[in-house]
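Okay, so here's the structure we're looking at.
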Amino acid sequence: MVSRLDGRKLFGTNGVRGVVNEQLTPEIMLKLAMATGTYFHGADMTAGCDGRVSGPLFLELVCAGLASVGCQVWNLGLITTPALQFLTKTWKMKGGTMITASHNPPEYNGVKVMGNHGVELQHEEELRIEQIYFNESWKRAEWNNVKKPLQVSEKFDGYFESILRNMGGRPQRKLKVLVDAANGVSVLSTPTIVEKLGGSVAVVNGNIDGTFPGRLPEPTPHNLMHTSRILPASHADFGVAHDGDGDRAVFLDEHGSFCWGDHTFALIVRDFLEHSSGVQKIVTPISSSQIIEQIAEKYGGEVVYTGVGSVFVSNVMLNLHAKLGGEDNGGVFYLPHVAARDGGITVAMIYRIISESRRPLSKLVADLPRSYIVKEKIPCPDSVKASVMESIRNLPRRGKVLDIDGIKMWFSPKSWILIRPSGTEPIFRILVEAPTKGKALRIVNDYKSKLSHIIKDSKRHVG
Ligand code: MG
């Protein structure tokens with residue numbers, strides 16, 4: 001059996017995640033909710049869950065835990081993560097709790113805790129909840145201050161209205177969209193968004209089922225093979241596929257070909273800059289393709305890089321009042337709506353771009369600058385990661401260097417390498433981008449051997 005989550009720490013890189021009833025038990029959920037409610041001083045909070053099998057059970061426990069420490073809970077029931085984040089922000093809640101394991105396999109569930117902007121808490125804030133949890137220092141409410149959770153039914157109206165308003169209403173040309181909802185909660189929102197934009201919808205994997213019978217919830221090319229194949233026969237202008245909780249959206253063109261998140265985000269960046277004035281900041285993790293910077297610069301924008309992870313993008317956007325952010329995994333953030341990634345507004349953005357440009361998605365993507373990204377990983381014990389990073393920092397540099405998360409070195413304006421220690425596995429991740437595949441592979445091989453030597457040396461030093 002896998003060890004329970006509450007041995008030592010709860011929060012990982014994606015909130016709390018674990019296999020249900022092995023690592024993540026009902027007892028943990030209840031106590032975690034009590035600790036979270038105590039952290040928020042018994043304030044008003046939203047709670048909701050995605051379509052996973054254990055979702056309703058865990059939601060009852062979370063509502064009970066929050067209420068027991070004096071929170072007024074607004075129970076949103078089944079909902080997408082971005083809709084919960086949007087409502088947490090617009091209803092001016094102090095925080096929110098979303099029960100989801102996002103794109104993980106069916107046996108997992110988890111929790112994401114949001115703050116008052118609807119943005120996930122930063123790691124230091126999560127650690128304070130963890131402290132309350134392990135010290136059992138929750139503050140139970142007086143008997144007459146335990147508030148009955150409110151059941152919310154009209155939960156998507158304001159969310160839909162915000163998306164439509166931020167898109168400037170209905171685009172002229174009507175499109176047909178194939179929505180692959182991954183048997184997840186995005187079926188509650190994305191088909192309606194497309195209809196409100198004036199389009200027509202076909203849905204696959206549209207019944208909410210936490211066993212994910214249609215496909216696994218991570219929208220990878222492999223998991224979307226079936227949807228890709230049926231897309232041409234559906235005569236859709238494009239396809240969109242979400243992860244389990246609907247915060248990510250990846251796209252298929254009219255032929256059913258998979259579009260990489262960097263590519264669709266580049267189209268969104270161009271469209272955004274064409275529709276705005278002044279120098280706008282585009283926020284993206286350092287792992288994103290150089291294409292984003294190329295497009296941003298060409299259309300008068302400026303890229304701001306963050307560490308890898310949506311919470312970094314959200315917080316930099318809030319701090320700089322930057323309107324647009326995006327990740328290579330299909331996460332797009334639009335501050336005037338909510339500073340969190342939202343698969344729903346991403347669909348609306350791509351819909352508008354295709355509708356207004358009157359060009360198919362395949363052509364829009366084909367016109368983007370060409371580049372190749374190669375990913376690799378190298379085994380490295382956790383104990384030597386810090387000294388390996390130190391040695392990498394001392395490697396000869398030729399161009400710009402950024403060390404906000406691992407180390408990113410540019411060799412030319414279009415080629416770079418990012419070397420990062422994994423936070424969860426005993427490996428280093430290498431990411432290289434170059435204008436040609438040959439060049440990208442040469443850089444990868446060169447640095448793989450450099451890194452292997454450094455790791456070997458460090459091990460000898462420590463050993
Ligand atoms: Mg997700």
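Computation of the quantities below employed the complete heavy-atom set of this structure, encompassing side-chain atoms and omitting hydrogens, waters and symmetry-equivalent molecules. For clarity, every value in this text was computed on a predicted model and none was experimentally measured. Counting from 1, the numbers follow the sequence of the chain as shown. Note that ligands are numbered from 1 as they come in the structure, with each ligand's atoms numbered from 1 the same way.
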Exercise. Does Ser54 have any side chain to side chain contact (heavy atoms under 4.5 Å, CB included) partners at least two apart in sequence or in another chain, and if so, which?
Worked result: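 For Ser54, the residues satisfying side chain to side chain contact (heavy atoms under 4.5 Å, CB included) (neighbours in sequence not counted) are Val20, Phe58, Asn109.
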For this session: Hey, can you tell me if Phe238 and Tyr351 have their rings parallel, tilted or perpendicular (30° and 60° cut-offs)?
Result: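 If you compare the ring of Phe238 with that of Tyr351, the planes turn out perpendicular.
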For this session: Could you tell me whether His263 and Phe251 have their ring centroids closer than 6.0 angstrom?
Result: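 That pair fails the under 6.0 Å test.
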For this session: Please find out if less than 6.0 Å separates the ring center of Phe11 from that of His123.
Result: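 Centroid distance Phe11-His123: not below 6.0 Å, so no.
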Problem set entry | Check: Ser186 main-chain N/O paired with His242 side-chain donor or acceptor under 3.5 Å |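 No: the side chain of His242 does not pair with the backbone of Ser186.
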Exercise. Between Lys89 and His337, is there a donor-acceptor pair closer than 3.5 Å when you use the side chain of the first and the backbone of the second?
Worked result: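 Indeed, once roles are kept as given, a pair shorter than 3.5 Å links the two residues.
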For this session: Could you name all protein N, O or S atoms found under 2.8 Å from the Mg ion (ligand 1)?
Result: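 Result, waters dropped: Ser102 OG, Asp243 OD2, Asp245 OD1, Asp247 OD1.
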